[in-house]
Amino acid sequence: LRMLKQVARVTAQSKASGCSQLVLPLRFLGSSSRQVPADASFHSTSFSEAEPPRVLITGGLGQLGVGLASLLRKRFGKDNVILSDIRKPPAHVFHSGPFIYANILDNKSLREIVVNHRISWLFHYSAVLSAVGEANVPLARDVNITGLHNILDVAAEHNVRLFVPSTIGAFGPSSPRNPAPDLCIQRPRTIYGVSKVHAELMGEYYYYRYGLDFRCLRYPGIISADSQPGGGTTDYAVQIFHAAAKNGTFECNLKASTRLPMMYISDCLRATLEVMEAPAERLSMRTYNISAMSFTPEELAQALRKHVPDFQITYCVDPLRQAIAESWPMNLDDSSARKDWGWKHDFDLPELVATMFNFHGASTRIAQAN
């Protein structure tokens with residue numbers, strides 16, 4: 001009512017003065033999708049070559065941040081993409097483009113960064129992952145939930161398009177596992193999973209309540225050759241390649257038959273950019289599943305043996321990680337992403353294994369076996 005009275009006053013004043021311009025409040029209240037106009041832009045700015053987005057990546061020194069910064073700098077220019085973290089960057093990262101210190105638990109500092117650097121896109125990668133989060137729940141709660149609230153508030157206040165990654169960990173034992181659809185019951189049993197469900201719902205709430213352009217993808221396990229795993233349950237699928245390159249043997253902490261969805265990092269980063277560039281009217285939801293392949297440790301080992309015939313894998317099951325893995329989906333249904341904004345993966349298991357091997361080069365045991 002106060003808003004309507006304000007609009008009425010402005011309208012009357014505009015008519016009296018002969019001024020035709022009407023300024024409305026940026027935020028609006030919406031309790032359902034039916035109240036949202038079909039042509040609403042929700043601060044979705046269309047960026048041209050003359051005006052690329054100004055990008056901030058939080059938690060940038062994790063598994064995905066450096067690669068995403070490289071991809072975005074090729075697309076939008078080196079100086080338009082700012083990588084941030086609370087850790088000291090390696091020399092090659094520091095010299096590859098803008099890097100700043102950013103603590104997501106410091107609200108005032110976040111606002112200064114967004115304002116001073118004129119940020120228009122924000123990729124929020126700061127998080128404590130599944131296995132590490134179970135070992136330190138208070139830290140995971142602070143980073144994954146309190147930090148998220150700070151990011152949401154800053155993004156909504158300054159009309160920033162926000163991407164927050166979710167995960168297969170957002171599902172739980174009662175969720176459909178083969179495959180898990182975009183919309184289903186979610187009752188995760190890790191603080192990491194709980195915090196990601198919270199992020200999905202809070203982002204969607206801010207979208208309807210404040211018009212925040214929130215976008216989210218549920219990542220499967222991500223495999224990359226040039227970065228170390230960060231404490232997640234799917235880390236074995238990265239560690240196995242490092243071990244194979246070093247000595248040709250690997251001890252796996254999951255059962256041989258544990259099936260989980262996986263994706264090569266270049267597909268993951270491309271999907272992230274594509275969903276951020278997708279026109280708002282093509283998005284039928286705020287959080288999408290994306291998928292590429294699904295395999296077990298034994299199937300991955302068999303694929304490795306095509307390149308290294310004497311590769312050996314043994315199993316020493318970690319009860320915590322195994323319990324987490326068994327609560328997650330074996331496959332993800334990503335048909336909505338493929339339909340809405342044209343998602344399509346490039347890497348299946350054979351291409352993944354060949355690419356990982358090629359990365360390690362001629363000095364490795366893999367090259368000697370070949």
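Residue indices begin at 1 and follow the sequence shown.
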Identify the two heavy atoms, one from T233 and one from S130, that lie closest to each other, and give their separation to 0.1 Å.
-> OG1-OG, 3.1 Å

Run the numbers on L61 and R87 for side chain to side chain contact (heavy atoms under 4.5 Å, CB included), then give the verdict.
-> CA-CA 8 Å; L61 296 183; R87 294 180 290 156; 3.2 Å; yes

Following the transitive rule for hydrophobic clusters with a side-chain heavy-atom cut-off under 4.5 Å over Ile, Leu, Val, Met, Phe, Trp and Tyr, establish whether L349 and F311 coincide in one cluster.
-> yes

Partner of Y206 by side-chain contact (heavy atoms from CB on, under 4.5 Å), out of L162, D153, L201 | D153

If you measure only the distance, is there a donor-acceptor pair under 3.5 Å linking the side chains of D340 and Y288?
-> yes

So which heavy atom on S336 is nearest to which on M285, and how close?
-> OG-CE, 3.8 Å

Is there a donor-acceptor pair under 3.5 Å between the side chain of S84 and the backbone N or O of A102?
-> no

Spell out, as yes or no, whether a donor-acceptor pair under 3.5 Å connects the side chain of K255 to the backbone of P297.
-> no

Decide side chain to side chain contact (heavy atoms under 4.5 Å, CB included) for V55 and I57; before the verdict, give the C-alpha distance in whole Å, the side-chain angles of both, and the deciding distance to 0.1 Å.
-> CA-CA 7 Å; V55 179; I57 304 173; 4.2 Å; yes

In the single-linkage hydrophobic clustering (I, L, V, M, F, W, Y; side-chain heavy atoms under 4.5 Å), do V143 and V197 co-cluster?
-> no

Side chain to side chain contact (heavy atoms under 4.5 Å, CB included) between H158 and I119: does it pass, once the steps are laid out?
-> CA-CA 8 Å; H158 296 285; I119 299 301; over 6 Å; no

Test: D106 and K108 ion pair at under 4.0 Å | no

For residues E200 and S166, is any side-chain donor paired with an opposing acceptor at under 3.5 Å?
-> yes

Is a side-chain N or O of T58 found less than 3.5 angstrom from the main chain of Y125, in a donor-acceptor match?
-> yes

Step by step, would you call E326 with T258 a side-chain hydrogen bond (donor to acceptor under 3.5 Å, both in side chains)?
-> CA-CA 7 Å; E326 290 176 356; T258 306; 5.4 Å; no

State whether the side chain of R73 and the backbone N or O of N80 hold a donor-acceptor pair below 3.5 Å, judged by distance alone.
-> no

Residues in ring-ring contact (aromatic ring centres under 6.0 Å, His included) with Y264, at least two apart?
-> F347

With a cutoff of under 4.5 Å between side-chain heavy atoms, which Ile, Leu, Val, Met, Phe, Trp and Tyr residues group with V137?
-> I191

Would you check if the side chain of N289 reaches a backbone N or O of D333 as a donor-acceptor pair within less than 3.5 Å?
-> yes

Whether Q186 side chain and A170 backbone form a donor-acceptor pair below 3.5 Å = yes

Is the shortest distance from a Lys or Arg side-chain nitrogen in D213 or R286 to a carboxylate oxygen in the other one below 4.0 Å?
-> yes

Are the side chain of R215 and the backbone of T287 linked by a donor-acceptor contact shorter than 3.5 Å?
-> no

Mark yes or no for whether D334, through its side chain, and S291, through its backbone, hold a donor-acceptor pair below 3.5 Å.
-> yes

Can you tell me if N107 and N150 form a side-chain donor-acceptor pair at under 3.5 Å?
-> yes

What class does the angle between the rings of Y219 and F163 fall in, given that below 30° is parallel, 30 to 60° is tilted and above 60° is perpendicular?
-> tilted

In this structure, which one of I223, D267, I265 forms a side-chain contact (heavy atoms from CB on, under 4.5 Å) with L352?
-> I223

Do D346 and R270 meet the salt-bridge criterion of a basic N to acidic O distance under 4.0 Å?
-> yes

Look at the aromatic rings of H149 and H198 and report parallel, tilted or perpendicular, splitting at 30° and 60°.
-> tilted

Given side chain to side chain contact (heavy atoms under 4.5 Å, CB included), test Y315 with E298 step by step and report yes or no.
-> CA-CA 10 Å; Y315 298 92; E298 183 55 38; 3.0 Å; yes

N/O donor-acceptor pair under 3.5 Å between R321 side chain and G232 backbone | yes

Kindly say whether P173 contributes a backbone atom to a donor-acceptor pair with the side chain of R187 at under 3.5 angstrom?
-> no

Start with the C-alpha gap between N178 and N331, add the side-chain angles, then the distance that decides, and say whether side-chain hydrogen bond (donor to acceptor under 3.5 Å, both in side chains) holds.
-> CA-CA 5 Å; N178 192 22; N331 289 287; 2.5 Å; yes

Test side-chain hydrogen bond (donor to acceptor under 3.5 Å, both in side chains) applied to S257 and T296, step by step | CA-CA 5 Å; S257 59; T296 68; over 6 Å; no

